[in-house]
Amino acid sequence: MANLPIVQFEEQIIKTVEDNPITVIIGETGSGKSTQLSQILHRRGYTKSGVIGVTQPRRVAAVSVARRVAQELGVQLGDEVGYAIRFEDRTSDLTRIKYLTDGVLLRESLSNPELNQYSVIILDEAHERSLNTDILLGLMKRLIKLRASNLKVLITSATLDGEKVSQFFSECPVLNVPGKLYPVEILYSRERPTSYLESSLKTAIDIHVREPEGDVLIFMTGQDDIEKLVRKLEEKVQSLEEGSCLDAIVLPLHGSLPPEQQVRVFCPPPSNCRRFVVSTNIAETSLTIDGVVYVIDCGYVKQRQYNPSTGMYSLDVVQISKVQANQRAGRAGRTRPGKCYRLYPSRVYQEEFLDVTVPEIQRSSLAGSVLYLKSLDLPDIDILNFDFVDPPSSESLEDALKQLYLIDAIDADGSISSLGQSMAELPLEPSLSRTLMEANENGCLSQALTVAAMLSAETSLLPAQRSVHVSRSNEKKRKHTSLELPDGSGWGDHIQLLQIFEQWDQNDYDIGWCKDNDLRVRGMKFVKDVRKQLCQIMQKVAKGSLDVRSSERDKESQRDYKTLRKALCVGYASMLAEKMIQHNGYRTIGFKHQLVQVHPSSALKTDDYGMYPNYVVYHELIATPRPYMRNVCAVEMKWVIPVLKKLEKLNINKLSGGRSIREGNDGKHLNLSEKEKPSVTEAPDDRENRIQAARDRFLARKGKK
DNA sequence: GAGCACTGC
């Protein structure tokens, strides 16, 4: 530890921190900032008046860094040095240095907005600009004024981003700490390749044939490309003349690989053998592979983005930022000097790449974050002018407000309701928090807890690995349509998820049962943990009774899940769709009408006439590139009516506090135009009849054929 | 009738 660069800067760091409430530390990889900053401040007495909290964007990082610091200080983990991540709090009264995920710190600040426990807060890896980090940056700016006398804030960032953060904090001082990286030679392509798959293949083989030993890390955008490139590389390598170069092994690396395959990249290769690791972004920050000397960077990344004007998510391949390009290059210089092959010209890097990655806050639906900030009830803060490093668009904030209004989390004037206050306590998207609150009122809380927990883990339930050996029947199993797994009784995906968990419960949470049904054991265990946590929070939040087992046991509601589906309809009031009359497509109800379809993987069933239900709620809209509703649940028209009424009354002007959201907005998006107003205003009975008539006509035509 | 970057409370 003594040879870590940061230790030489101890005096300078201490002096700056003493003189300033906020300090930005720019430290490259290997500077030791994550492990040493806290120890330096601890040595200098900053733990006498409180705890030093160090946030990390990722759980594994919080745990591993805490473990290392405990070791360096020669203390038991959980005593003077501890960590707190979701489901796991390894701290005690003794703890002076506490590593935690930024999400956990946000939760803590919900019950103690001044974070009085802490004398120092270090936001580590702030350049990654996670949604949570950005919210914390805003909160710190405010907190530092409240606690000027007894709180120090340190923010660590990468080179290209430090100045911006410093400006945000009124030109606070910036300290540079060099990293301990070996030099990495950057080699650009002359042209942008027509196919970066072919181009990386060629570059990889060139390296293999010409360069001395050292592993090669190749950044690709997704599983598909990775699998293709792995195959091609293996073929090419085998076709090379034996003895003409090193042996080689090719390994894929991405998030949906089973853990046992992921760890293969950490096993050192046999001697005289070069490894090629073909990876997604996961190797950029989350996983560090030793022995990498060459990096091939395609210059792209797959990124999920939210479009507030349509309410739709899309997964796009986009150009990386300079910060990301440098981070990728840095992966080549961890053990000795390396080389980075950029499959794009230097001009593209200079002129086209953004300096920093578009922060997550500008790419996400903000309903949850806005509710969170409103629930803090900060006296001097107006949510829509909240001071973000990079503010989200006013359109995105308005979208969040409308959603929150429709689910009763905020009143017509934009102030948080007591219901919203309770919802904010739950670590869930607002739609699901609202569903829980409603379910608790109507006696189906137990089911709703399960649905919410299952949806929290949804993507990690199914093994995503597509092996060549997977037969068609297996392929089907993955989609929950195997005979053994329930089908949601036709009501849709929420109900199916509920039934799956109930079945697991009936099988005493047997691991073998998960495996037999192709469900990921880790995912299902996660669901169990989430459900337990939600149950505990509901116990605390729901004043009075908590009705976990009651009327849902009666047979009537068990068969059609009516109370649960009704609760879902209340929770997903901002995510409703009505079926088109002529066909099985849907139109979203709300501020904008989108034409969407039920995702083909859905468990939602058509009736005897091949028709989908007239109304559904959906968990999300995804453009892939065709617009689909993912995770849908059938609801009844009479439950939808109150939402439509509420939509008519909606006034975004009042919601956003009676004025334009930001200066210069000139009120552009502030009023719903006539066109945007909900169109479904007929009396319910008329509409039902009309739909029935249309269905009859449709069937009559079909019959003639 | 089709597609899964990565985190996290």
Side-chain angles (χ1 to χ4, degrees), chain A residues 55-62 84-89 100-111 125 128-136 219-227 253-257 262 279-287 298 300-305 313-318 320 324 357 359-360 363-364 368-369 371-372 423-430 432-433 452-453 456-466 475-476 478-479 481 526 529-530 533-534 536-537 584-585 597-602 604 606 612 620 622-630:
Chain A
T55 70
Q56 295 289 331
R58 280 171 294 281
R59 294 162 58 93
V60 271
I85 57 179
R86 189 179 190 181
F87 307 134
E88 209 182 337
D89 185 352
L100 66 173
T101 48
D102 39 25
V104 169
L105 188 63
L106 281 177
R107 287 287 141 193
E108 286 184 3
S109 104
L110 206 51
S111 50
E125 317 288 3
E128 288 186 24
R129 303 297 302 278
S130 76
L131 181 55
N132 287 340
T133 308
D134 267 26
I135 293 172
L136 280 172
F219 283 103
M220 299 297 286
T221 57
Q223 189 177 346
D224 257 1
D225 286 351
I226 288 172
E227 281 167 8
L253 179 62
H254 51 83
S256 39
L257 278 182
Q262 265 187 32
S279 172
T280 58
N281 238 14
I282 198 169
E284 199 177 287
T285 48
S286 304
L287 297 178
C298 73
Y300 290 95
V301 67
K302 218 177 253 183
Q303 219 170 49
R304 188 176 146 99
Q305 11 223 16
Y313 280 96
S314 58
L315 200 58
D316 307 317
V317 173
V318 299
I320 58 173
Q324 278 180 295
T357 316
E360 206 185 338
R363 297 186 274 119
S364 319
S369 301
L371 180 62
Y372 171 84
M423 285 164 56
E425 298 273 332
L426 292 156
L428 290 172
E429 291 137 83
L432 290 172
S433 320
S456 301
E458 207 254 339
T459 52
S460 56
L461 293 182
L462 309 169
Q465 201 204 352
R466 287 165 304 179
E475 192 72 8
K476 274 199 163 172
R478 280 201 310 128
K479 277 138 209 166
T481 47
F526 177 77
D529 284 339
V530 174
Q533 187 190 33
L534 295 177
Q536 284 165 351
I537 298 173
N584 261 341
Q597 306 241 298
V598 175
H599 197 276
S601 68
S602 175
L604 186 73
T606 53
Y612 274 134
E620 69 173 3
I622 177 112
T624 61
R626 271 195 273 177
Y628 286 110
M629 299 182 282
R630 272 199 10 199

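From a predicted model like this one, the values you see are computed outputs, not experimental measurements. Quick note on labels: first sequence line is chain A, next is B, and so on, each numbered from 1.
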Sugar-phosphate, base or nothing in reach of A:Arg86, heavy atoms under 4.0 Å: base
Have a look at A:His254 and say if it touches a base, only the backbone sugar-phosphate, or nothing, with a 4.0 Å heavy-atom cut-off. sugar-phosphate
Any chance the side chains of A:Ser602 and A:Tyr612 put a donor and an acceptor closer than 3.5 Å? no
Polar contact flag, side-chain donor to acceptor under 3.5 angstrom, A:Gln305-A:Asp316: yes
[X] has an atom [atom1]; how far is it from atom [atom2] of [N], in whole Å?
{"X": "A:Met220", "N": "B:dC6", "atom1": "CE", "atom2": "P", "result": "14 Å"}
{"X": "A:Glu125", "N": "B:dG8", "atom1": "CD", "atom2": "C1'", "result": "15 Å"}
{"X": "A:Phe219", "N": "B:dC6", "atom1": "CZ", "atom2": "P", "result": "12 Å"}
{"X": "A:Asp225", "N": "B:dG3", "atom1": "CG", "atom2": "C1'", "result": "13 Å"}

With nearest nucleotide decided by heavy atoms, which residue, A:Gly255 or A:Phe526, maps closer to the 5′ end of DNA chain B? A:Gly255
Mapping A:Pro427 and A:Thr280 onto DNA chain B by nearest heavy atom, which one lands closer to the 5' end? A:Thr280
Taking salt bridge (charged side-chain N to carboxylate O under 4.0 Å, His left out) as the definition, give me every residue that meets it alongside A:Glu125, ordered by chain and number, with sequence neighbours left out. A:Lys33
Members of residues 100-107 of chain A that approach DNA chain B, where some heavy atom sits under 4.0 Å away: A:Thr101, A:Gly103, A:Val104, A:Arg107
Could you tell me which residues satisfy side-chain contact (heavy atoms from CB on, under 4.5 Å) with A:Arg626, sequence neighbours excluded, listed by chain and number? A:Tyr628
What distance do A:Ile85 atom CD1 and A:Arg59 atom CZ have between them, rounded to the nearest 0.5 Å? 3.5 Å
